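Take a look at the structure set out below.
Heads up: numbering here begins at 1 and tracks the sequence. Just follow the structure's listing: the first ligand is 1, and inside any ligand the first atom is 1. Nothing here was measured: the structure is a model prediction, and the numbers come from that model.
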Amino acid sequence: MLSFSDPVQYLKGVGPARGKAFQALGVFTVEDLLRHYPRTYEDRTKVLPIAGLEVGQPACFRAMVMTTPRTSRIRQGLEITKLTVADSSARLNLTFFNQRHAAGHLVCGREYVFYGTVAGDFARQEIANPAFEEADSPPVLTRRILPVYPLTAGLTNRQVVSAVGQALTQCGPPPELLPRQVLEEYRLLPMDKACRAIHQPESGEELAMARRRLAFEEFFQFSAGLALLRAGRSQRQVEPYVPVDLTPLTNRLPFRLTGAQQRAIREIQGDLMEGHPMNRLLQGDVGSGKTVVAAAAAWYAVGNRRQVALMAPTEILAEQHFRFLTKLLTSLGVRCVLLTGSMTAGEKREARQALASGAADLAVGTHALLSDTTAFARLGLVITDEQHRFGVAQRAALGEKGDTPHLLVMSATPIPRTLALMLYGDLDVSVLDELPPGRQKIGTFLVNESYRARLNGFLRQQAQAGRQCYVVCPAVEEGESGKSAEGWAATLQTQVFPDLSVGLIHGKMKGAEKEAVMGRFARGEISILVATTVIEVGVDVPNATVMVVEDADRFGLSQLHQLRGRVGRGREKSWCILVSNSRNPETVGRLKTLCRTADGFAIAQADLEQRGPGDFLGRRQHGLPVFRTAGMAGDITVLQQAQAAATQWIESGGANQDSPLARQLGKLLAGQRETMN
Ligand code: ADP
Ligand code: MG
C-alpha cells in the first residue's frame, strides 16, 4: 500500500522520468497528485449510431474497423493514416495525422468505441484524430466525462488520467478533514466520494457536488485559520507607541495630504498607540497615494525607535519605493536599506548586517526580507504592498518576525465588500476613497484590428509630443497563446516605429535587466515600452500617457483596471486603448464596463456579477490569496456557509481538540510558509 507522502513516481506506470514532469507541475507526492484537479472536463458520455452523428458535435460511436489502416506520406513531417469503420447504420472515414503508431493498433474486423467530431459535408463526412479504445475495455477515454488536467512538456492528459486512477486505487482518497457535524449540516460529500468524483465524475450533478465540497473545505480551512490568527494576535500585548509629530514629514511633501490619507494615517496612529499589534488593511485604488500613508506609519515606528520592513511583490516596485522613501526620509535622519534577490551577495550581507545591528531603521525589499537569514534588531512594523498570495501561512509568517510586529497590508485590488469581509476577516480596514486632486479621467476605448493604422498613428503622435506609451501583451514569447511581447516589440521596432525607441520588459528577464529597462523608460529614453503584466502594479512614470492592451479579452477586468492605472499619473491627458477582436457579446460587454467607469470597486463588482468569485479566488491577483478550489464554487453562498461554519467551529473550541484539521491548522500557523510568490 502506498502512502500519501510517497513520491508520485512510485505509482505503477509513472517512474522517474515522468515523475520529473509531474514535479514541473508542482506534483511531488501522491497526495499532490490527488489534489491536482482537472482544469476542465469533456463530456464524452453521449454514444450515437454513426448515422446520428452531427457535423461539429463531438460524440462517441461504436463501430467495426472495415479496412486495414493505410498510411501515406504527404510531405516531410506529414503522414496521413486512413481507414473506414462502420456500424449497422452507416460507414465513416477516419483520418489520423501523424499518428501512424496509434492508428496502427486498430485491427480490421474488431470493434472499438471512438470519440471525435464529424467534419465535412454530408456527402463526404469524416473524423480526424478520434480518440478510441476497444469496445469491451473499461471506459477510459470514451463513454465518460473525461477530466482535462493542466499539463506540461513530457506529460499527456492520458498519462495524468491513468496516474490519478492508480493513486485512487493504490492509495485511496485523502483523509477527511471536515467535522462530521459540518458535513451533515451543510450536506457535503465526504472526502472519499468528492475526491473520486472530481477526478472521475459519473455525472454533471456529481461533479457539481464534488466542487462544492472541495471549495467549502478550502474556504473553511482558510476562515478557521484567519479566526485563529485574529484571536491569537488580539490577545498579545505590545508596548504602546508614543505620539510622534508628523509635520517634518508632511513639510517635505510637494503636495497636501488628501482627506482620505489623513483619515487612514489617524487610524493607523490609533492602532499603534493601543498596546495590541495592529492588523490593518489599507485599501485604495491605483494612484490613491498609499505609499505616503506607509511612509507616515514608518515615521511613527522609527520615531518610537522601532525598525520597519516594507515588502513589495517585485524588485522593480521595491526599488521604486526605496527611491521614494529615501528621498523623503533620509534627510529626516531615517536610515534606509534595500534588500532584493538580485543584489550581490556582498551587498545583501551589508544590508542584513545593518538590520541586525540596528544601524538601519527601514528595510525595503521583496519577500526575501522575511527569509530566515534576515534578522532585525528591533522590528516593530511590517508593511506589505500589493502582497499577492497572501494566505494564512503568509499572514502568520509576517507576525512571526521580531516581537509581534504591527502589520499594515496595502492593496490596490478593489474587491466587492462581500468578498472583502471573507478574505480580510482578520483585519481592520482603512479605505482611500479619494484620489489626489487634479487627476483627470483616463479616456478608455475598445477597438479591434481595423483600427491598427490609426492606433499606430496615435502612438507616433504621442511619442513625437514627448510622451511615452505602454503596450501590454498577454504572452512573453511566440508560441504561448496570445500576442507575445517579444514578437510584438520586434515588429513595432523594425516595421512600425524604426525611428523611435521601442523597449521590452517581461517577467522572464533577470531583475537587473528589468531594472535597466525601467530606468531607461523612467528617464524618457524609451518612447514605447512593450511589456507583459510585470508592469501591472505600482510602477510610476508620470510622463506615460498611453496604455495599449493587446488581446484585452484575455485579462480580467480588475487586472485591466490596474494596468490602466499606470497612466494618468502626471498632468497630461491620458488614454487606455483596449485592443480585442472578440465578437462574443458578453466579452465585448465586459470590456465596455471599463470604458464606462473609472471606479475600481464598481469594476470589481461587475467582475463578480458577470464571472462569479472564481476570478478573484482562482487566478493570481495582487493582494488576494490564491485558492485552489474555492474558485470552483459557482457562487459565493458556499463560501459564506464555509465561513460561518468555520467561525462556529473555532468558537466552540474545535481547534483545541485533536483532529487532522486542527493539526493542519496548527502547522499552518506555526509558520510552515509557502514561498510568497
Ligand atoms: P498607490 O496608492 O497606487 O500606491 P502612490 O502612492 O504610488 O499610489 O501615489 C501615486 C502618485 O500620487 C505618486 O506620484 C504620489 O507622489 C502622488 N500623490 C500621493 N498623494 C498625493 C496627494 N495628496 N496629492 C498629490 N499627489 C499625491
Ligand atoms: Mg503603490
Side-chain angles (χ1 to χ4, degrees), residues 246-247 249-268 280-299 310-329 364-366 383-388 390 408-415 429-442 468 470 518 521-522 533-545 547 558-572 574 576 598-601 603-604 621-624:
L246 197 62
T247 20
L249 184 135
T250 46
N251 282 345
R252 285 192 50 80
L253 292 173
F255 46 73
R256 284 171 54 101
L257 294 174
T258 64
Q261 283 169 324
Q262 288 173 17
R263 182 160 24 88
I265 291 173
R266 267 200 308 277
E267 285 163 354
I268 289 168
R280 187 165 288 275
L281 169 73
L282 176 62
Q283 232 193 2
D285 216 337
V286 195
S288 57
K290 292 184 290 295
T291 322
V292 177
V293 178
W299 178 247
L310 170 64
M311 298 197 298
T314 65
E315 300 209 344
I316 295 182
L317 259 176
E319 283 153 16
Q320 192 171 295
H321 281 322
F322 180 69
R323 278 196 297 274
F324 177 83
L325 292 169
T326 322
K327 208 167 127 200
L328 183 63
L329 298 173
V364 184
T366 49
I383 306 174
T384 73
D385 188 17
E386 329 262 0
Q387 186 64 60
H388 47 248
F390 192 52
L408 180 64
V409 175
M410 304 197 285
S411 169
T413 311
I415 53 170
V429 182
S430 296
V431 182
L432 295 185
D433 51 5
E434 179 188 352
L435 289 184
R439 291 280 155 77
Q440 7 97 0
K441 201 163 174 276
I442 299 163
Q468 290 164 282
Y470 296 101
M518 260 344 278
F521 190 66
T533 49
V534 287
I535 57 144
E536 184 181 339
V537 273
V539 175
D540 191 13
V541 178
N543 190 45
T545 52
M547 167 62 66
S558 300
Q559 205 178 11
L560 290 169
H561 179 63
Q562 300 257 352
L563 286 170
R564 173 166 65 179
R566 300 300 105 226
V567 298
R569 314 194 77 153
R571 302 213 168 279
E572 308 294 334
S574 296
C576 174
D599 176 347
F601 285 93
I603 288 166
Q621 282 215 32
H622 294 285
L624 299 184

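Rounding to the nearest 0.5 Å gives a distance of 9.0 Å between CE of Met547 and CD1 of Ile442. Once rounded to the nearest 0.5 Å, the distance linking CD1 of Ile268 with CG of Leu408 reads 4.5 Å. For the atom pair CG of Asp385 and OG1 of Thr291, the computed distance is 6.5 Å after rounding to the nearest 0.5 Å. Taking CD from Glu315 and CZ from Phe322, the interatomic distance works out to 13.5 Å, rounded to the nearest 0.5 Å. Taken from CD in Gln261 to CD in Glu434, the straight-line distance is 8.0 Å, to the nearest 0.5 Å.
Only the side chain of Gln261 comes within contact range of ligand 1, with a heavy atom under 4.0 Å; no backbone atom does. Within the 4.0 Å heavy-atom criterion, neither part of Leu432 lies near ligand 1.
The ligand atoms of ligand 1 that sit less than 4.0 angstrom from a heavy atom of Leu257 are 23 (N). Residue-ligand proximity, Thr291 to ligand 1, at heavy-atom distances under 4.0 Å covers atoms 4 (O), 5 (P), 6 (O), 7 (O). Taking a cut-off of under 4.0 Å to the non-hydrogen atoms of Ser288, the atoms of ligand 1 that pass are 2 (O), 8 (O). Taking every heavy atom of Arg256 and a limit of under 4.0 angstrom, the matching atoms of ligand 1 come to 22 (C), 23 (N), 24 (N). Less than 4.0 angstrom separates some heavy atom of Thr258 from each of these atoms of ligand 1: 23 (N).
Annotation for Arg571: atom CZ does not count as buried by contact number, only 12 or fewer foreign heavy atoms lying within 6.0 Å.
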Handout entry: From CA spacing to verdict: side chain to side chain donor-acceptor pair (under 3.5 Å), Ser430, Glu267
Key = CA-CA 7 Å; Ser430 296; Glu267 285 163 354; 2.5 Å; yes
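Remark: distances from the non-hydrogen atoms of Gly284 to ligand 1 are all 4.0 Å or more. Residue contact check for ligand 1: Asp285 places a non-hydrogen atom closer than 4.0 Å to it.
Considering backbone and side-chain N/O atoms, Val292 never comes within less than 3.5 Å of an N/O atom of ligand 1.
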